[in-house]
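Step one of this worksheet: look at the structure below.
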Amino acid sequence: MKFLYVLSLLAATAFAQVSYQNHTGTILRVDNGTFGPEIEEYHYYYDQWPIGLSVSSKGRLFVCYTRGDYTFTLGEAVNQTAEVPYPSAGLNLPPDMLNTTWNGIPFGSANSTAFISVQALYITPATSSRPETLWVLDTGRPTVHNAAGDPSMPYAQPGGPKLVGVSLDNDTIYTTYTFPVDVHYPDSYMNDVRFDLRSNVTNGGAGVAYIVDSSNEGRPGFIMLDLGTGESWRRLTQDRSVLRVPNDVPSYFGQPFYFRQLGQPIQWQQEGLDGIQITPDGKTVYYSPLTSKTLYSIPTANLLERDSNPLAEIWAKANVSSKGQRGGDANGFEGDSNGLIYQLMPEQNAIYYFDPAIGQTRTFVRDPRILWPDSASIAADGYFYMNINQLPDQADWNFGVDSRVYPGAVLRAKLPNNGTKISTLG
Ligand SMILES: *[C@@H]1O[C@H](CO)[C@@H](O)[C@H](O)[C@H]1NC(C)=O
Ligand SMILES: *[C@@H]1O[C@H](CO)[C@@H](O)[C@H](O)[C@H]1NC(C)=O
Ligand SMILES: *[C@@H]1O[C@H](CO)[C@@H](O)[C@H](O)[C@H]1NC(C)=O
Ligand SMILES: *[C@@H]1O[C@H](CO)[C@@H](O)[C@H](O)[C@H]1NC(C)=O
Ligand SMILES: *[C@@H]1O[C@H](CO)[C@@H](O)[C@H](O)[C@H]1NC(C)=O
Ligand SMILES: *[C@@H]1O[C@H](CO)[C@@H](O)[C@H](O)[C@H]1NC(C)=O
Ligand SMILES: *[C@@H]1O[C@H](CO)[C@@H](O)[C@H](O)[C@H]1NC(C)=O
Ligand SMILES: *[C@@H]1O[C@H](CO)[C@@H](O)[C@H](O)[C@H]1NC(C)=O
Ligand SMILES: *[C@@H]1O[C@H](CO)[C@@H](O)[C@H](O)[C@H]1NC(C)=O
């Protein structure tokens, strides 16, 4: 016994002094936590925690923040450490006007001209008929707190949930689309959006928006919007491929994650359809729920088919393809000119990509600083920009205890093989 002890002490001394939680000098192979191209720290958030971002052709960085009590929900970075309201502070509905109550039922504001709670941004390049446009997706559903601090999300009223187009030439809103209540349900939550602006893609002649409804209440699906006529319609509502995976327990930052919301018993993450990306030829949409390990795709032809075709939904369901598992749950998506489908992987502190040419998912970058990549934007400079916001540590998911640490960040990395922003759908 004593002999063995002395021997092991000698061995430890001979190789390295290694103690609990300090492996400096170990002789063992260590996971260095990183992979892929160099990552740059591009912007720091010290005030409001961000959700979505988009980078313009001139390198302008736009950011959105869901509300709550934040004073503004859409901003532009003015230097490396600060953002200001965009296009103007006055467009933000004041926090005390974000929600209302009718017959005891909580509703978000129906104001269609003011911003309520912006979840996602996407910039489309200039076309012959349209300036370079910052598209702003307002859910109309803020997260509000009662006197005890319990969070909740009121239902949407028509008018509140909207898609707003801002011209980046003159920094002015030039178009706004709202949704009827049989397309955007009171319990819908518009999480992200992609565009095909080619004139021949729909009858309206001005292109189409593909929106994901992630509805925590359980009715997720796709919402399509004809930008020419303003008509909208749904597809794949509650299809198995868009529903949350029940009782999913992912691991974030090395800890199994349960949803711990004040005023409620411990639950699981409830979010359905979240990630969306369209291919550079406009023919396919890739997608997945937040709580799933599986990547799916659907031909856009099936999403574009209107309800006037009684077989539209049946055909769509029959044309859903599973691309198999990808190695973890995924948050938002992005896509580059090479047709790679990037997926934000909060469990792995990584960005993965699905390569349709090989039918497999691979790692793009991995880094211990990628603490919940929430949204990504590929810019014309060939960089992949991502928002890092430590979301699983926010108070509303942890019984009121906020253990996020400032600053949040935008990180960026150069895309492989000269990949850049998709420019074929203008
Ligand atoms: C970790 O161990 C190394 C020697 O192996 C020592 O130099 C260093 O101070 C230790 N670090 C901490 C944080 O204890
Ligand atoms: C970290 O490990 C990965 C995977 O083994 C390797 O490719 C990379 O070169 C390592 N990075 C550093 C900085 O050692
Ligand atoms: C960044 O911009 C903010 C807001 O305009 C300003 O208060 C701050 O001083 C600026 N910081 C630097 C380093 O320029
Ligand atoms: C919407 O909000 C804006 C900004 O607060 C306000 O100017 C406008 O009057 C509101 N519209 C309606 C219909 O209440
Ligand atoms: C907004 O929601 C909060 C939290 O549920 C509630 O306390 C408040 O009364 C609501 N405001 C209105 C005007 O209904
Ligand atoms: C800004 O640009 C848009 C889109 O080209 C245009 O419709 C609008 O009239 C312009 N607004 C101003 C104030 O110049
Ligand atoms: C739509 O127009 C694009 C060029 O803008 C062309 O490549 C494509 O084939 C057209 N699609 C259809 C269905 O006609
Ligand atoms: C399935 O999608 C393909 C395009 O990939 C299309 O040609 C076909 O008509 C679709 N099938 C149905 C039943 O909608
Ligand atoms: C990327 O672009 C550069 C400059 O145009 C070119 O030299 C290089 O071959 C390209 N690389 C790939 C992988 O296409």
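Values below: every heavy atom of this structure, side chains too, minus hydrogens, waters and symmetry copies. Both counts, for ligands and for their atoms, begin at 1 and track the order of listing.
Heavy-atom proximity to N32, at under 4.0 Å, picks out these atoms of ligand 2: 1 (C), 2 (O), 3 (C), 8 (C), 10 (C), 11 (N), 12 (C), 14 (O). Each of the atoms 1 (C), 2 (O), 3 (C), 4 (C) of ligand 3 lies under 4.0 Å from some heavy atom of A82. Taking a cut-off of under 4.0 Å to the non-hydrogen atoms of N146, the atoms of ligand 5 that pass are 4 (C). Close contacts between ligand 2 and T34 involve ligand atoms 1 (C), 2 (O), 3 (C), 11 (N) [criterion: under 4.0 Å to a heavy atom].
In the candidate list D47, N79, V78, N79 is nearest to atom 13 (C) of ligand 3, counting heavy atoms.
Note on ring orientation: taking the six-membered ring where Trp is involved, the planes of F195 and Y122 are tilted (angle from 30° to 60°). The aromatic rings of H43 and Y45 lie perpendicular to each other, with more than 60° between the two planes, well past the 30° mark. Relative orientation of the Y252 and W372 rings is perpendicular, given thresholds of 30° and 60° on the angle between their planes. Aromatic ring orientation, W49 versus Y406: parallel (interplanar angle below 30°, classes split at 30° and 60°).
In this structure, F364 has its ring center no closer than 6.0 Å to that of Y353. In summary, the aromatic rings of F72 and Y86 are positioned with their centroids too far apart to meet the 6.0 Å limit.
In terms of polar-atom proximity, defined here as any N/O pair under 3.5 Å, T101 does make such a contact with ligand 5.
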For this session: Could you give me the CA-CA distance, side-chain angles and deciding distance for F257 and W397, then say whether ring-ring contact (aromatic ring centres under 6.0 Å, His included) is met?
Result: CA-CA 10 Å; F257 178 81; W397 291 6; 5.5 Å; yes

For this session: I would like to know whether D69 and H145 meet side chain to side chain donor-acceptor pair (under 3.5 Å); could you show each step before the answer?
Result: CA-CA 9 Å; D69 43 18; H145 296 85; 5.4 Å; no

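Ranking the protein heavy atoms by distance from atom 7 (O) of ligand 2 puts F35 CD1, 4.4 Å first. The protein non-hydrogen atom at the shortest distance from atom 4 (C) of ligand 5 is H145 O, 3.5 Å. For atom 6 (C) of ligand 5, the closest heavy atom belonging to the protein is N99 ND2, 4.3 Å. Given atom 5 (O) of ligand 2, the protein heavy atom at minimum distance is R29 NH2, 4.3 Å.
At a distance under 4.0 Å, no protein heavy atom can be found next to atom 9 (O) of ligand 2. Remark: atom 2 (O) of ligand 5 lies closer than 4.0 Å to at least one protein heavy atom.
Contact between R141 and I116 at its shortest, heavy atoms only, is N-CG2, 4.5 Å.
Counting heavy atoms closer than 4.0 Å to ligand 5, residue T100 contributes backbone atoms (N, CA, C, O) but none from C-beta onward.
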